[in-house]
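Below: one structure, written as structure tokens.
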Amino acid sequence: MGRIVEVEAYIGEADQASHARFGETGRNRVMYGPPGIAYVYLVYGMYDCLNVVTEPAGVPAAVLIRAVEPIEGIGPMRVDRVVRATTRRRTLSADRMVAEAERIAALPVERLAAGPGLVGAAFGLTTAWTGVDLCDPGSPLRLEAAPDAASIQVSATPRIGIGGAGEPWVSRPWRFVVRGSRSTSGPAAAR
DNA sequence: GCAAGGATATCG
DNA sequence: GATATCCTTGCA
């Protein structure tokens, strides 16, 4: 369990940064369905990114969960991070595997899920989780309201890692971060 | 600065 | 069926 501290919004086929920019396809199909459903996709061949489908059925939209501040299950998160890091690589010597495990073991708790790919790794998510109802209290993966949601300060910035210099969808401030969190994505210098 | 995986969308 | 690209990450 953890607290979501960074997200990005994607909405509509006109949003050229969205997977829905080509219309409905096999991959993005759930984005066109009812809200509250998980959409997990693979980027760069090794990172599974978790999204929450939003907007009523027919309107393709989703919110990418970019960073989580771990609260419970720290040990399992480290294990899942190590498993992911050592199984998603084709060429990895035994020495490098050990080094990777040690690096993850030494990570500060607040950095275990500090990025969209790291959220997927820490929670052991794969594209097979697409379709899970995140609003069902009985679901193995679910969203819950933060008790102190009303007092949290949020900043808005442009979205990360999207192309199209000078295009309107690039500068739109649709990335939201919990102010003051030490678990947001990116290198320390940029936080 | 760039290489590391694999799925995907878009061509032949 | 081939290939450029991708909502990333960590190391050279």
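Keep in mind that the numbers below use all heavy atoms, side chains included, and drop hydrogens, waters and symmetry copies.
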**Request:** Indicate, with a heavy-atom threshold strictly under 4.0 Å, whether A:Ser185 touches base, sugar-phosphate, or nothing.
**Result:**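 If one applies the 4.0 Å heavy-atom cut-off, A:Ser185 turns out to touch nothing in the nucleic acid.
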**Request:** Look at all strands and tell whether A:Arg84 reaches a base, only sugar-phosphate, or nothing, counting heavy atoms closer than 4.0 Å.
**Result:**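 No contact.
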**Prompt:** Taking protein heavy atoms under 4.0 Å as touching, what does nucleotides 6-12 of chain B look like 5' to 3' if B marks base contact, S marks sugar-phosphate-only contact and - marks none?
**Reply:** B-SSS--
**Carboxylate-amine/guanidinium contact A:Asp48 A:Arg84, below 4.0 Å** =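 The answer is yes: the pair qualifies as a salt bridge.
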**Message:** Quick test of your reading of the model: are A:Glu6 and A:Arg175 salt-bridged, counting only N-O distances below 4.0 Å?
**Reply:**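 A:Arg175 and A:Glu6: salt-bridged.
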**Item:** Short side-chain N/O contact from A:Arg96 to OP1 or OP2 of C:dG10, under 4.0 Å
**Value:**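 For C:dG10, neither OP1 nor OP2 has a side-chain N or O of A:Arg96 closer than 4.0 Å.
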**Asked** A:Arg103 side chain N/O closer than 4.0 Å to the phosphate oxygens (OP1, OP2) of C:dC11?
**Response**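 So the side chain of A:Arg103 is within the cut-off, an N or O lying under 4.0 Å from OP1 or OP2 of C:dC11.
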Integer-rounded Å distance: [N] [atom2] and [X] [atom1]:
X: A:Tyr39; N: C:dC7; atom1: OH; atom2: C1'; answer: 9 Å
X: A:Ile104; N: C:dG10; atom1: CD1; atom2: P; answer: 8 Å
X: A:Leu107; N: C:dG10; atom1: CG; atom2: P; answer: 8 Å
X: A:Ile11; N: C:dC7; atom1: CD1; atom2: P; answer: 18 Å
X: A:Leu64; N: C:dC7; atom1: CG; atom2: C1'; answer: 5 Å
X: A:Tyr47; N: C:dC6; atom1: OH; atom2: P; answer: 17 Å
X: A:Leu118; N: C:dT8; atom1: CG; atom2: C1'; answer: 8 Å
X: A:Ile160; N: C:dT9; atom1: CD1; atom2: P; answer: 10 Å

**Item:** side-chain contact (heavy atoms from CB on, under 4.5 Å) between A:Glu8 and A:Val63, intermediate numbers included
**Value:** CA-CA 5 Å; A:Glu8 274 176 4; A:Val63 168; over 6 Å; no
**Prompt:** Between A:Arg89 and A:Gly163, which has a closest nucleotide on DNA chain C that is more 5'?
**Reply:**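 It is A:Gly163 whose nearest nucleotide is closer to the 5' end.
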**Request:** May I ask which nucleotide in the shown strands pairs with B:dT8, Watson-Crick or G-U wobble, both distances under 3.5 Å?
**Result:**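 In the structure as shown, B:dT8 has C:dA4 as its Watson-Crick or wobble partner.
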**Message:** Please report whether the ring centroid of A:Tyr10 lies less than 6.0 Å from that of A:His19.
**Reply:**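 Between A:His19 and A:Tyr10, the centre distance exceeds or equals 6.0 Å.
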**Base C:dC7 to side chain A:Tyr41, donor-acceptor N/O within 3.5 Å cut-off** =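 Donor-acceptor pair under 3.5 Å: yes.
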**Prompt:** In chain order, what residues pass the salt bridge (charged side-chain N to carboxylate O under 4.0 Å, His left out) check against A:Glu102, with sequence neighbours excluded?
**Reply:**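 Testing A:Glu102 for salt bridge (charged side-chain N to carboxylate O under 4.0 Å, His left out), a comparison that skips the adjacent residues, returns none.
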**Prompt:** If you check every side-chain atom of A:Arg21, which of C:dG10, B:dA4, C:dC6 has the closest atom?
**Reply:**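 The answer is C:dC6, which lies nearest to the side chain.
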**Message:** Rounded at 0.5 Å granularity, tell me how far CD in A:Glu69 sits from CZ in A:Arg182.
**Reply:**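 Interatomic distance, A:Glu69 CD to A:Arg182 CZ, rounded to 0.5 Å: 7.5 Å.
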**Item:** Criterion side-chain contact (heavy atoms from CB on, under 4.5 Å) on A:Glu13 and A:Tyr32, from CA distance to verdict
**Value:** CA-CA 10 Å; A:Glu13 295 181 344; A:Tyr32 289 77; 2.6 Å; yes
